[in-house]
Q: 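Okay, here's the structure, questions in a sec.
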Amino acid sequence: MGEPTRQRDELAIEAVDLKKNFGGIAALAGASISVRKGTIHALVGENGAGKSTALGAIAGRLHVDSGSILVAGHDATRLSPRDLHAIGLTAIYQELTIVPGMSACANMFLGFAPARSGFLRRKTMRGRFLAQCSRAGVTILPEARAGNLSVADQQMLEIMRALESGADIILFDEPTTSLVQAERATLFRIMRELRQEGVTMVIVSHNLNEVLDISDEITVFRNGRTVGTASAQQWTRKTLLEAMLGDAAPDLTASHRASRPSTTPPMLRIEGLSVPGILHDVSLEARPGEVLGVAGLVGSGRTTLLRAMAGLESTAKGIMIIGATKQNWPTSPRRARNLGITLLPEDRKGQGLLMQRTTCENIAVSNLNACSRAGFIRRRVMKQMSADVGSLFALDTSRLDHPVRNLSGGNQQKTLLARCHLTRPRILLADEPTRGIDVGAKAAILASLRAFANAGATVIVVSSEFEELTALADRVVVLAAGRLVEELHAQESGVRPDRMLTAAFAF
């Protein structure tokens with residue numbers, strides 16, 4: 001569907017040919033968006049399609065490498081969020097911007113608190129806060145510490161802040177992810193009221209039913225480009241899915257899959273796993289030599305599932321059976337590791353690597369006993385051990401003495417895989433293993449994960465890129481809203497991006 005022709009004076013936002021690279025990866029590759037004044041305009045696409053990056057560029061959160069952005073007639077291509085706020089634009093991001101130590105009331109007025117002669121007008125703030133709570137249908141005490149609120153209440157607090165700011169343009173990035181149905185209905189009621197008042201809104205969402213219900217127009221992103229804009233009435237779930245997927249298929253065929261399904265008894269069985277507010281009664285099993293993929297959208301609970309198995313979710317409850325032995329649910333990473341479970345985390349820099357240490361030290365840290373004597377580390381032995389295991393993952397071993405922070409994303413991930421190899425995991429959990437990695441290194445990472453499975457490990461992989469799961473996984477389970485909603489088998493119904501995406505949107 002083509003881009004409608006717009007007169008500039010009709011437009012609240014006009015973004016043209018936006019391009020943005022992150023470390024050689026094109027997040028935006030020529031995206032263009034036109035948003036009419038006083039409308040609700042949705043941006044949809046697969047994970048990584050570029051919609052949130054485009055929203056961040058319009059909000060001034062990041063600057064594009066090329067292209068132009070007009071907001072309310074102003075050249076906003078290089079404006080900051082503060083500059084944009086001054087011309088009437090505010091944004092609500094997927095990552096909450098609540099200040100945990102401040103009160104709920106103070107958070108709502110963050111950046112524009114009413115004052116007189118240098119003193120805050122606290123009575124006025126409290127009254128307006130309670131009025132916004134009433135409008136939003138929530139009960140939050142003004143003096144409540146924001147960090148103690150539920151994620152849903154924190155999300156509503158962000159929305160209340162946007163409403164209180166009096167903005168003419170509001171950008172929403174996945175605003176309903178943390179909200180239950182009643183809260184979503186309230187948000188959409190408020191959005192319709194704002195539209196009647198002439199406020200322009202842009203919403204990024206994975207929920208196609210909500211998008212079709214609330215939007216006036218919808219723009220579809222694919223691979224960093226906009227591939228179609230039309231009124232919501234012209235779209236259906238089917239045509240949106242087709243536009244989002246395009247010809248996404250199977251460039252990546254089954255080159256990393258097992259040649260035949262595993263028939264050995266399960267290595268891991270999980271029954272009734274729940275994490276309050278996130279996962280609900282999830283049950284699954286995985287076999288030695290198998291790669292089990294976990295698909296789902298933002299907020300589906302994919303990462304929490306892996307974190308719970310790795311002992312990083314203290315509130316997790318469920319039954320875990322490893323081999324034929326029922327285990328107490330691991331409540332710490334140490335306990336999980338003792339059970340043979342190793343996690344390759346989503347945030348390799350923040351949660352995986354010791355960024356100030358060398359590549360050699362980052363590999364060896366998982367098995368220092370092997371290169372120590374009488375409590376002292378034998379550096380030569382450590383380096384040789386790291387070189388031997390690093391070479392298994394095509395790691396550039398000439399850089400073992402370099403700080404790991406200086407390596408490419410691909411070599412950093414290979415460093416973590418080498419570290420995992422030294423732990424000899426029975427169960428390897430990989431969360432977004434190819435995020436931020438160039439195409440060549442991606443193939444090597446996928447091959448390495450298959451090698452773990454071929455050596456007898458059970459490998460469970462979360463990926464936002466469904467084509468990768470198509471290439472790698474023997475089976476895929478699909479999560480939606482914290483529940484397991486579908487299971488796909490490579491040799492039976494087929495592990496395909498369209499089947500995963502349809503299941504993820506079906507809940």
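Everything numeric here is computed off the predicted structure, so don't read it as measured data. Position 1 is the first residue of the sequence; numbering continues from there. What you see below is based on every heavy atom in this structure, not just the backbone, and it leaves out hydrogens, waters and symmetry mates.
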Q: Please check if the side chain of Asp431 supplies one atom and the backbone of Pro345 the other of a donor-acceptor pair under 3.5 Å.
A: no

Q: Is the backbone of Leu395 close enough, under 3.5 Å, to the side chain of Asn411 for a donor and an acceptor to pair up by distance?
A: no

Q: Are there more than 12 heavy atoms of other residues, nucleotides or ligands under 6.0 Å from atom CZ of Arg145?
A: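 Result for CZ/Arg145: enclosed.
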
Q: Short question: side chain of Ser366, backbone of Arg419 - any donor-acceptor pair under 3.5 Å?
A: yes

Q: If we check side-chain contact (heavy atoms from CB on, under 4.5 Å) with Ser463, which of these qualifies: Arg302, Glu432, Met500?
A: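 When side-chain contact (heavy atoms from CB on, under 4.5 Å) is applied between Ser463 and each of Arg302, Glu432, Met500, only Glu432 qualifies.
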
Q: More than 12 heavy atoms of other residues, nucleotides or ligands under 6.0 Å from CZ of Arg82: yes or no?
A: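 Atom CZ in Arg82 is not crowded, with 12 or fewer foreign heavy atoms closer than 6.0 Å.
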
Q: Any idea which heavy atoms bring Ser215 and Ala232 closest together, and the distance?
A: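 Closest heavy-atom pair between Ser215 and Ala232: O-CB, 3.3 Å.
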
Q: Can you confirm whether the side chains of Thr90 and Ser165 place a donor and an acceptor under 3.5 Å from each other?
A: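 Their side chains do not contain a donor-acceptor pair, so the 3.5 Å distance test is not met.
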
Q: Under 3.5 Å, is there a donor on one side chain and an acceptor on the other for Ser80 and Asp83?
A: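 Yes, a side-chain donor-acceptor pair sits under 3.5 Å.
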
Q: What is the distance from atom OG1 of Thr186 to atom CE of Met156, rounded to the nearest 0.5 Å?
A: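 Interatomic distance, Thr186 OG1 to Met156 CE, rounded to 0.5 Å: 6.0 Å.
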
Q: Closest approach of Glu14 and Val16, non-hydrogen atoms and distance?
A: CG-CG2, 4.0 Å

Q: Please report the C-alpha distance between Ser34 and Thr229 in whole Å, then the side-chain angles of each, then the deciding distance to 0.1 Å, and finally whether the side chain to side chain contact (heavy atoms under 4.5 Å, CB included) criterion is met.
A: CA-CA 9 Å; Ser34 297; Thr229 295; over 6 Å; no

Q: My understanding is that only residues two or more places apart in sequence, or in another chain, count here; which of them pass side-chain hydrogen bond (donor to acceptor under 3.5 Å, both in side chains) with Thr358?
A: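 Thr358 satisfies side-chain hydrogen bond (donor to acceptor under 3.5 Å, both in side chains) with Glu361 only.
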
Q: Tell me, please, which residues at least two apart from Phe109 pass ring-ring contact (aromatic ring centres under 6.0 Å, His included).
A: none

Q: Check the pair Val275 / Val282 against side chain to side chain contact (heavy atoms under 4.5 Å, CB included), numbers first and verdict last.
A: CA-CA 10 Å; Val275 175; Val282 173; over 6 Å; no

Q: Please report the C-alpha distance between Phe452 and Leu417 in whole Å, then the side-chain angles of each, then the deciding distance to 0.1 Å, and finally whether the side chain to side chain contact (heavy atoms under 4.5 Å, CB included) criterion is met.
A: CA-CA 10 Å; Phe452 273 97; Leu417 285 165; 3.9 Å; yes

Q: Determine, stepwise, if the pair Leu305 / Val462 fulfils side chain to side chain contact (heavy atoms under 4.5 Å, CB included).
A: CA-CA 9 Å; Leu305 174 64; Val462 162; 5.9 Å; no

Q: For Arg225, is the CZ atom crowded, meaning more than 12 foreign heavy atoms sit under 6.0 Å from it?
A: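 Open.
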
